> 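Pasting a structure here, questions to come.
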Number of protein chains: 2
Amino acid sequence: MSRSNPRVLSTLERAGGFASAQEVYRLMQREGESIGLTTVYRALQSLVNDKIVDVLRRDDGEAIYRLCGEAHHHHLVCKGCGDTVEIEGGAIEKWAKMMAEEHGFRDVGHTAEIFGLCGKC
Amino acid sequence: MSRSNPRVLSTLERAGGFASAQEVYRLMQREGESIGLTTVYRALQSLVNDKIVDVLRRDDGEAIYRLCGEAHHHHLVCKGCGDTVEIEGGAIEKWAKMMAEEHGFRDVGHTAEIFGLCGKC
DNA sequence: GTGGTAATGAAAATCATTTTCATTTGTGCT
DNA sequence: AGCACAAATGAAAATGATTTTCATTACCAC
């Protein structure tokens, strides 16, 4: 029953706990692991069912998987050079919780990203 | 240049200001309008560029378009029924500004979204 | 009308994801 | 070991949204 392939999980961890199915697959290929794309998808779905990973959507619609409980962070992205800084989002966490409560939502997650031009651009 | 086809916009309005490209297309077909799917996609993209409509993602990854007011706001989306609440993001604005400053970014914008299950789901 | 630009849409291409199905692997049983 | 049977695997095909291509059409200024 447990299709939560441990190799897939460990690859997702190695990827920084944040990657799409395709990325996990490519990563495993590059590392010489022999695995099929189908199995990667199934393993990720299974991990989601088991609540070991979370699934979000990128802006382009691709599903990205993230380890649960992983201290999650947000991104500050430069529109010029694409440089990315990981930042803390303490204020956001509180805001999200507050807003959810206020509107009777439960089981909430959130996404937040800041973009602009960095000092060099 | 303005590909913001008014028929598409009015159909989106009629749909409750909330629909996917495919749904808008099917709706227009059903109403006897003669239009191509390609044109619907282009019109919606154009409307997004012009900031007349917002684009979100359904849980299955399909893009949904929705009319939005001028005021800058964020969304609280139900993963169950797709219900959406527009919310204020005062805390976010400050947070974004602070983070940008701290890392020497200028000209910044941001995205933020909260998702969870609403009271009814 | 003529020339040129923008808009249109049918069909093909793309891309992530899911399904199908035949094969392999694992496990318990004797 | 040999056997049976369920679960796991992955290649290939199917699906479905979205994008691209490209030939045609509508529009506008002169």
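The shown structure was predicted, so the numbers you read here are calculated from the model rather than taken from an experiment. Naming convention: chains lettered A, B, ... in sequence-line order (proteins, then strands); numbering from 1 in each chain.
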> Side chain of A:Thr38, heavy atoms from C-beta onward: which of C:dT8, D:dG10, C:dT17 has the nearest atom to it?
D:dG10
> Between C:dT17 and A:Gln45, is there an OP1 or OP2 to side-chain N/O distance shorter than 4.0 Å?
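No.
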> What's the OH-P distance between B:Tyr25 and C:dT8, to the nearest Å?
14 Å
> Please report the distance, rounded to the nearest Å, between CD1 in A:Ile35 and C1' in D:dA11.
14 Å
> For D:dT19, take OP1 and OP2 only and decide whether either is under 4.0 Å from a side-chain N or O of B:Tyr41.
no
> Could you check which of D:dT18, D:dG10, C:dG9 has an atom nearest any side-chain atom of B:Gln22?
D:dT18
> What integer distance in Å separates B:Arg42:CZ from D:dA17:P?
19 Å
> Starting at CZ of A:Arg7 and ending at P of D:dG10, how long is that distance when rounded to a whole Å?
7 Å
> May I have the distance from B:Leu44 (atom CG) to C:dG9 (atom P), rounded to whole angstrom?
13 Å
> Any side-chain heavy atom of A:Val85 sitting closer than 4.5 Å to one from A:His75?
no
> Going by distance alone, is a donor N or O of one side chain under 3.5 Å from an acceptor N or O of the other, for A:Glu23 and A:Tyr65?
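No, no side-chain donor-acceptor pair sits under 3.5 Å.
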> Could you state the atom-to-atom distance from CD of B:Gln29 to P of C:dG9 in whole Å?
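Computing the B:Gln29:CD to C:dG9:P distance gives 10 Å.
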> Which nucleotide in the set C:dA16, C:dT19, D:dT9 lies at the smallest distance from any side-chain heavy atom of A:Glu62?
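Comparing C:dA16, C:dT19, D:dT9 against the side chain of A:Glu62, the answer is C:dA16.
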> What's the closest nucleotide to the B:Arg3 side chain, out of C:dA7, C:dT20, C:dG9?
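The closest nucleotide is C:dA7.
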> If we ignore angles and hydrogens, is there a donor and acceptor under 3.5 Å between the side chains of B:Tyr25 and B:Gln29?
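Checked: B:Tyr25/B:Gln29 side chains pair up, N/O donor to acceptor below 3.5 Å.
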> Measure from the ring center of A:His74 to the ring center of B:His110 and say whether it is less than 6.0 Å.
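Between A:His74 and B:His110, the centre distance exceeds or equals 6.0 Å.
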> Is any side-chain N or O of A:Thr39 closer than 4.0 Å to OP1 or OP2 of D:dG10?
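The answer is yes; a side-chain N or O of A:Thr39 sits under 4.0 Å from OP1 or OP2.
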> What nucleic acid atoms does A:Leu37 come within less than 4.0 Å of, heavy atoms only: base, sugar-phosphate, or nothing?
base
> Side chains of B:Ser10 and B:Arg14: any donor to acceptor distance under 3.5 Å?
yes
> Nearest whole angstrom, please: distance from the P of D:dA17 to the CZ of A:Arg57.
13 Å
> Specify the separation, in whole Å, of atom CG of B:Asp59 and atom P of C:dA16.
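After rounding, the gap between these two atoms is 19 Å.
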